Each structure stands twice: as structure tokens, then as C-alpha cells.
Amino acid sequence: MPGMVLFGRRWAIASDDLVFPGVFELLVRVLWWVGILMLYLMHRGKLDCPGGVLLSSYLIVLLVLLAVIIGTVSAIVCVSMKGTICNPGPRKSMSKLLYVRLALFLPEMVWASLGAAWIADGIQCNRIVGNGIIATVVVSWLIIASTMLTILIVFDPLGGKAAPGAPLGPQPLDSRESNQLLSGLKTAATSVWETRVRLLCCCVGRDDHTRVAFSSTAELFSTYFSDTDLVPSDIAAGLALLHQQQDHARSPPEPTEVVTHSPGPVQEADLDAELENCQHYMQFAAAAYGWPLYVYRNPFTGLCRVGGDCCRRSTTDYDLVGGDQLNCHLSSILQTTGLQHRDFIHISFHDKVYELPFLVALDHRKESVVVAVRGTMSLQDILTDLSAESEPLDLECDVQDCWAHKGISQAARYVYRRLVSDGILSQAFSIAPEYRLVVVGHSLGAGAAALLALMLKSSHPQVRCYAFSPPRGLLSKSLYEYSKTFIVSLVLGKDVIPRLSVTNLEDLKRRILRVIAHCNKPKYKILLRGCWYELFGGIPEDLPTDLDGGDLTQPLLGEHSLLSPLESPTKYPPLYPPGRIIHLEEEGASGRCSCSPAARYTVRWADESEFSRILIGPKMLTDHMPDILMRVLDHVVSDRTTCVSCPAQGGSSVDQA
């Protein structure tokens, strides 16, 4: 940080990013140089064949060229180790060294081409020398090709928008010219991001919903990334520092505004009941993923159990189930839920942007009609997730200021239309009119299930919703309060999704900027220490903890906008998770991986404010996986059932072996 300026444009790589690739190239070049030197010294007496003088000259020039390249790469590595992330001054000679290094590729390419030509001409010399020349040519072209690929990766399409030599600190945005420049940069950034998204999702359709999702995703990325001069390695270093900072503090950072109140006796009384309900309905949320999750959970027997049904033609039992694109899914759903064909009203695996797969089943054990919505499993689902603007919800209730996540709201409306307009719910309740309606889902499906429950509340007053690992950026404050009466969310450990919202991402960006600004260590040491700490643990470094006050020690590009509220509060207002929240929190230090042999979990009601900041840790992603959530939930419920002396909020020993 900041990105290097070469050939009059900015690149998505910093001058302190060349330590590790430089050391790797240095190792390859030194071994290569030693090998060529030994080859020449051991076989120079055998080069008296036709063309031998050319090969001898080729090897001598190659040794000299490699020596010059080794010296240049060594200088690049040494310079790249200097300074800190926010202090690139000691590395100001890097651009000149890179120009020299790039210039050396020209003679290297010429020499590699000559070597290939001579070998192709069939020079008859010592076979070992010939094989050595072939290896030299192959290695040369591999290095050249990898360099070209690296250049393509670090190429910044917006790098030419900023004039070279422009100051890197924040610029005053009061002037008309500055506002126009900023607006032009953001427009260009949105266009670039939209092109990237279209390329990544080239196999997705081109309907109206998809085009809207492309635009929404591009605008989100351009809003988040366009006002900083961070490169990817800066973010990685910042996350490593934040993780150690959290562990050193021994407790999660307190949110700015925390509403503290003890859970009431009613909440404590129904905690066990709701936890048992979560365990039961999580099976339906997992079943909605179909055969991929089932096979993942049962790697040795899953394919055998569902494989036969994949090739079997539709039977009378299949005809009992309404829906589309069942394929191998129905067998895995039956295995996961333990229900029969006749218990399912509708199963749909139709998957498009803003249109999620779902199933409707009769749960006779709980006397409920269960609607389970699938979570993220495809590129279409990811585009739905990333359509993060807020849009109003038209609900038949007295709640004011009803706003929700746009993409998830659109997906919930699709399922609502299918349930009501296609008569799916009417069919279910005609079979079991005394049953109550329960809506469940995991991840994206949890968000859609919560919004679907809100939409169905007026026509089904007794509706209940169980949202497993729902996204935080889902509901406005008023809807969040309203949803507490009939929605229960379950969150495991440091799961990042229930803490994920545009507001929290902006906060994470500020924290990354502050922690790297206060760190006086070079980036390569931060990354090495961070990798070691993530893999093997240890004592976290004594880093500054009070990073929310004071000014940054170094000027940062876009500092003014980064330390201010979001530029478009109407488009990205603060959003909250749905309903009351049950938190399964691991006691003590979190293990390095999700397969920790023994872990104790505290089960308690939590306030949404406890999820107002993204926590960094090795389990922030694995705690979101539905199979891990099911495993922990099963053990916690089993332990609480058998442990008569456990207090209401007591921890439960969970064996995840």
C-alpha cells in the first residue's frame, strides 16, 4: 500500500508484495545457475562436436545472464523488505529495479528462442548437454509465461485514471473538479466491476433479473473498494493483525452502542424447547440442499444410497410429489428428513437469480406444514446474496419503516407467489387443516424464510420461523423488533454470515486501515506470523487495541470517506438479523479447525448488538457450514437432555470427533 505506479498507471500490487515471489524466483534461479555451471564444467571437454562452439557460447552467456538476473532479483527482495505497509518511502527505488528486471526479460526471451532453434536443428553433441539445453529452454519459457500471467492478474483497469505522481493522501472534495473526478472514477469502477461479474458468471442466463443483479453487485463492489488504495495483500495482513488483536484482548470488541438487558424468565424457560425445535427443523433446512450436501455429509455411503434413484425413472411414488427438476434430490431428502413420499406436497429445485429452490412437507411429529428454503449453492444464489441494496416491504401490519435486503426480498416474494398463487399451501392445509405453518432455511435460505414468514404472518397468524445462520443485513430495525415474536435465529460460534452486512463490512475496512497504519512491521513478517498463528496458534502479538480513537499515523487515500458514514445511507441503511437469537458459543479459546476433538459450547439468548462486528478467526467460515451446525446442535441438545444438573445457561460438552 499504495499500489505501485509503473508505466504511468497504478497496478494492483504494492512494492512490499515482492518478497515471497522474489524469494521463490531467487531459489529457482540459483538452482538453475548452479545446475548450468556444473553441466558446463563437467562436459565442456565434450563440446568438440559440430555446433559445439555455439552450445558452449550459449551456456557461458546464459550463466552471465542468470547471474545478472539473480543480482537484480536479490536487490528487489531486499528493497521489498524495507519500510512498512503505510510507509513506502524506503522502497522508492523499487520502480527502477522493476524496470531493469523487466528489461532483462528481452535477452532472456531471445536466448531461450535461440536455444529452442538450435535444439530443433538437431545439433549432434553430448546427449546430457542436449538434455540440459532442453531443460533450460523449458524453464525459461515457464518463468516468462508465469510472469505474463502475473502481469495480467495485477493489471488494474482503473490504474490509468489517476495521474502518475498524484498525492496519495486524502484530497479535498469541496471543489467542483474534485467531485466530478470522484464521480467519474466511481462510474468507471462500476463499469469495470460489472464486466468482471459478467465474465465470472458467463454461464448464468441473461434475463432481466440477472441484468439487475449484475448491476447491483457491481455497484456494491465499486462502492466498497473504489475509495481505498489497498491491494489484496494489505487486506490479508490487516485480517491477520485483527485476529491477533482480538485474541490478545481475550474478548470480542464491544460494539459502539450496546443495549444490555438480561433475558427474561420466559426466554430462559423456553430456551431448551426452542433448541430442540431448532434441532428438529434443521433437518429440513439441510434437506433443502438436496443430494450434494447429503453426499458431502456421508462421503462413503451417500452415493450408494442416492445413486440408484438418480437413474431410476419416475414411479408412482414420485408422482405423489409436485415440483420440478427432482433428479437425485428426492432420495436424499427422504434420507435426511426420515419422511415418506406421501408427506411431501411440493419440491422445487428450479434455480435462477432471485428464485430459490424450496420444499413443502407435512411434519406429523410436530404437526406442522414445513416450508424449507435452500441456501446458497450456485452462482445465481451468489448474485442474489450480493444484491445488497435495501428496498421497502409491503406488509399487512402496523410496522413502520419496513425495509429489507433487496435480493433476499425478491427471492422471498418468488417463493410466496409459488406458495399462494399455485395453491401449494392450500393443498397442504386441505390435507392437515389443524397443522401450523413453520418456515425454515439456512444462510440465504434463512433470510428468505424470515422474510417469507413476515409476508405470511397476516394470513397465517400462528406462523413460526427458524432461521439458521441468517445474514445480518436483512431487516430494518422496526421489522427486527416485530420479528422477535415468531422468528428464532440460531448462530454458531464466530460464523461470519450473521455478522455480515454492508455496514459491518465498512466497519471492517476502517479497522483494517487503522490496524495496518498503527503497525510498524513489514508486511512479509506480518503475513508469516499470521500464517503460523492461524495454523499452530501461540501467543498473539501485543498489538495496539485502542484503534477507534485518534488519527491515523499515515495519510491514506480516501481517508475522509472511510472514516465517515456510508455515502448512500438510503441505499445501504443499517440492517439487522431476524428474530430472537440463540448463540452456540464455544467456551475458551477457539480451536484451530472445526474438527476439534473436544469443544464446550455455551447456549444462551443473545442480543443482535453482539453481532454488530465481524470477528476474525479460523472458524469464521466453517462455523457457517450446515453439516457442522447440525453436528454441534445434535450434541448440544443431547448433552442438555442427559445433563439434569445443567443450569439454564450452562455450557454443554460437545464431542465433535
Side-chain angles (χ1 to χ4, degrees), residues 157-158 186-226 288-289 324-325 348-358 373-394 402-418 441-452 454-455 467 469-476 496-497 500-506 566-573 575 578 624:
L158 297 174
K186 289 187 175 180
T187 301
T190 302
S191 176
V192 167
W193 276 110
E194 186 164 353
T195 301
R196 290 171 174 171
V197 173
R198 288 180 184 276
L199 289 174
L200 288 173
C201 304
C202 57
C203 57
V204 179
R206 290 292 185 269
D207 56 14
D208 292 339
H209 282 170
T210 304
R211 284 191 286 270
V212 171
F214 283 159
S215 299
S216 298
T217 303
E219 191 157 357
L220 173 65
F221 284 152
S222 63
T223 299
Y224 188 74
F225 291 109
S226 63
Y289 282 98
D324 47 39
Q325 301 182 22
S348 171
F349 277 87
H350 168 80
D351 187 13
K352 294 179 66 177
V353 176
Y354 302 154
E355 297 177 5
L356 298 179
F358 68 96
V373 187
R374 196 191 73 180
T376 302
M377 276 279 288
S378 65
L379 287 175
Q380 292 91 330
D381 299 336
I382 293 174
L383 290 172
T384 300
D385 286 317
L386 294 175
S387 298
E389 304 101 315
S390 296
E391 68 174 17
L393 278 182
D394 185 14
C402 297
W403 291 81
H405 182 289
K406 175 185 173 181
I408 302 178
S409 173
Q410 295 283 344
R413 283 195 183 96
Y414 162 76
V415 179
Y416 177 84
R417 288 193 300 269
R418 293 289 307 274
H442 173 267
S443 188
L444 169 62
L451 291 177
L452 181 60
L454 287 167
M455 296 173 183
S469 307
R472 175 177 176 83
L474 185 66
L475 304 174
S476 60
V496 67
I497 300 301
L500 196 61
S501 67
V502 177
T503 306
N504 282 8
L505 282 173
E506 195 74 11
L566 283 174
E567 181 181 337
S568 181
T570 304
K571 198 166 221 178
Y572 302 110
L575 296 177
H624 186 68

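Position 1 is the first residue of the sequence; numbering continues from there. All of these numbers come straight from a predicted model, not from anything done at the bench.
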Legend entry - Contacts of type ring pair (Phe, Tyr, Trp, His ring centres under 6.0 Å), residue His624, not counting sequence neighbours: His442
Inset, instruction - Give the C-alpha distance, both sets of side-chain angles, the deciding distance and a yes or no for side-chain hydrogen bond (donor to acceptor under 3.5 Å, both in side chains) between Asp381 and Ser378. - result: CA-CA 5 Å; Asp381 299 336; Ser378 65; 3.2 Å; yes
Legend entry - Spacing of Ser216 atom OG and Glu389 atom CD [to the nearest 0.5 Å]: 3.5 Å
Legend entry - Closest contact, heavy atoms only, Ser443 versus Pro471: O-CD, 3.4 Å
Inset, instruction - Carefully, step by step, assess Arg418 and Phe358 under the rule side-chain contact (heavy atoms from CB on, under 4.5 Å). - result: CA-CA 10 Å; Arg418 293 289 307 274; Phe358 68 96; 3.8 Å; yes
Legend entry - Minimum heavy-atom distance Ala448-Ile408, with the two atoms named: N-CG2, 3.3 Å
Legend entry - His405 (side chain) donor-acceptor with Asp385 (main chain) under 3.5 angstrom: yes
Legend entry - Closest contact, heavy atoms only, Pro578 versus Ala467: CG-CB, 4.3 Å
Inset, instruction - Ignoring hydrogens and angles, tell me if any N or O in the side chain of Thr384 forms a donor-acceptor pair with the backbone of Tyr354 under 3.5 Å. - result: yes
Legend entry - Distance in Å, Leu356 CG paired with Phe349 CZ, rounded so as to fall on 0.5 Å steps: 11.5 Å
Legend entry - Reported OG-to-CG distance for the pair Ser469 and Leu500, which is rounded to 0.5 angstrom: 12.5 Å
Inset, instruction - Provide the closest heavy-atom pair for Thr376 versus Tyr289 in the form atom of the first, atom of the second, distance. - result: O-CE2, 3.9 Å
Inset, instruction - Look up atom OG in Ser387 and atom NE2 in His209, then write down how far apart they are to the nearest 0.5 Å. - result: 10.0 Å
Legend entry - Asp351 vs Pro357 side-chain heavy atoms within contact, under 4.5 Å: yes
Inset, instruction - Measure the OG1-CG distance between Thr210 and Leu383 for me, rounded to the nearest 0.5 Å. - result: 7.0 Å
Legend entry - Side-chain heavy-atom pair Gln380, Glu355 within 4.5 angstrom cut-off: no
Legend entry - Non-hydrogen side-chain atoms of Ser409 and Leu393 separated by less than 4.5 Å: yes
Inset, instruction - For the residue pair Leu475 and Leu454, establish whether any side-chain heavy-atom pair is separated by less than 4.5 Å. - result: yes
Inset, instruction - Evaluate the side-chain proximity of Tyr414 to Lys352: yes if any heavy-atom separation is below 4.5 Å, no if none is. - result: no
Inset, instruction - State, yes or no, whether a side-chain contact exists between Leu575 and Ser501 at a heavy-atom distance under 4.5 Å. - result: no
